[in-house]
Every structure is written in C-alpha cells, then in structure tokens.
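Step one of this worksheet: look at the structure below.
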Amino acid sequence: MDKKFFLKIVTPDKVYDTQEIDKLSVLTSEGEVSILPNHVEYLANIEISILTIFKDNKEKHYAVGGGAIHFIEKENTAYLVLTNIIAVEDIDVEKSRKLQEEAERKLKTDLSRLEHREEERELKKALTELLAKSKYKD
C-alpha cells in the first residue's frame, strides 16, 4: 500500500503545485476532511478555509478561496481546483486588513443580493488569511 499520494493544485491562472505528499486537510461543504494515500473516490466543494499539507513530518499551511477537491482512487491523486491560494508566509497582513475594511465598508452600503454575496466572500477570504497568518507562523 502506498504511503504517499500525488497532489495537483490548479488555480485559474496556473498549475500552482504538483507534489507527492503524506496527507492533506481542508474544510469542505461536508466538513473538515483529511485525505490519506489510497483514499476512496471523493469529490466535494472546498470552502474558504485553511489548507494543511503534510509531507515528510512537516506541515505547510495555506489560505484558500474555495474551489473543489477530487480524489481519484485509481490514480492515487488529489486534484484541488481553487479560486486562489496563498501560502501563510506570503500573506501580507496589511493588504488583508485593507481588504477586510473595504469589504466591511461596502457591506454597509446598498448592494444587490449578488454584490452583497461577493463582498461577504471577500470579507471571509481576508479574515481567513488573517487567521492563517496569526495561527501558523510558518
């Protein structure tokens, strides 16, 4: 039985990363999920959350802006299709705070339902980045 599996992360801009890992954990629409090698076929939406990748007894943390996960059992590969991803060490706290403030300001104005939902998403992304940065100082 394999002790590792492949992970491929794709964003709208590029193939972000491809590597062999031990485990990943992320928040899905079904709750927190951990994927290990030889996982059963799995498909779910990923929430705006913190992604943790475990490799060689080390953890690496990322803020992700939502997307989908698909584990293909016969390939022993997890595919993450994400709207955006940022490693904790690359999070700019000042920029995230400004995005938070801007979203909070816009949410106090008269917005359409769609605009309101978009600003809520932006606020959640900024707050997730700030949480990740404060919780995991990689």
*side-chain contact (heavy atoms from CB on, under 4.5 Å) between T28 and E47, worked out*: CA-CA 5 Å; T28 72; E47 300 293 323; 5.8 Å; no

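- Note: I35 CD1 to N76 CG = 11.0 Å, rounded to the nearest 0.5 Å.
- The environment of NZ in K4 is crowded: more than 12 heavy-atom neighbours from other residues, nucleotides or ligands sit within 6.0 Å.
- Linking ILVMFWY side-chain heavy atoms closer than 4.5 Å, directly or via other members, places L24 and V10 in two distinct hydrophobic clusters.
- Counting heavy atoms of neighbouring residues, nucleotides and ligands inside a 6.0 Å radius, atom CZ of F6 does not exceed 12 of them.
- Every ring-ring contact (aromatic ring centres under 6.0 Å, His included) that Y42 has, sequence neighbours left out, goes to H39.
- Tracing side-chain contacts under 4.5 Å through hydrophobic residues (I, L, V, M, F, W, Y), one reaches L127 starting from L107; they form part of the same cluster.
- Judged by distance alone, the side chain of E101 and the main-chain N or O of K98 form no donor-acceptor pair under 3.5 Å.
- Clustering ILVMFWY residues whenever any of their side-chain heavy atoms sit less than 4.5 angstrom apart, transitively, puts I86 in a cluster other than the one holding I48.
- Criterion: ILVMFWY side-chain heavy atoms under 4.5 Å apart, direct or through other members. Under it, Y136 and L27 are not part of a common hydrophobic cluster.
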Indicate every side-chain donor-acceptor pair of residues 64-75 with a distance under 3.5 Å to a residue at least two apart or in another chain.
unit_1, atom_1, unit_2, atom_2, d
H70, NE2, E41, OE2, 3.0
E75, OE1, Y79, OH, 2.7

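- How far CG of D92 is from CG of L99: 9.0 Å, rounded to the nearest 0.5 Å.
- Taken together through direct or relayed side-chain contacts under 4.5 Å among Ile, Leu, Val, Met, Phe, Trp and Tyr, V26 and I21 form part of one hydrophobic cluster.
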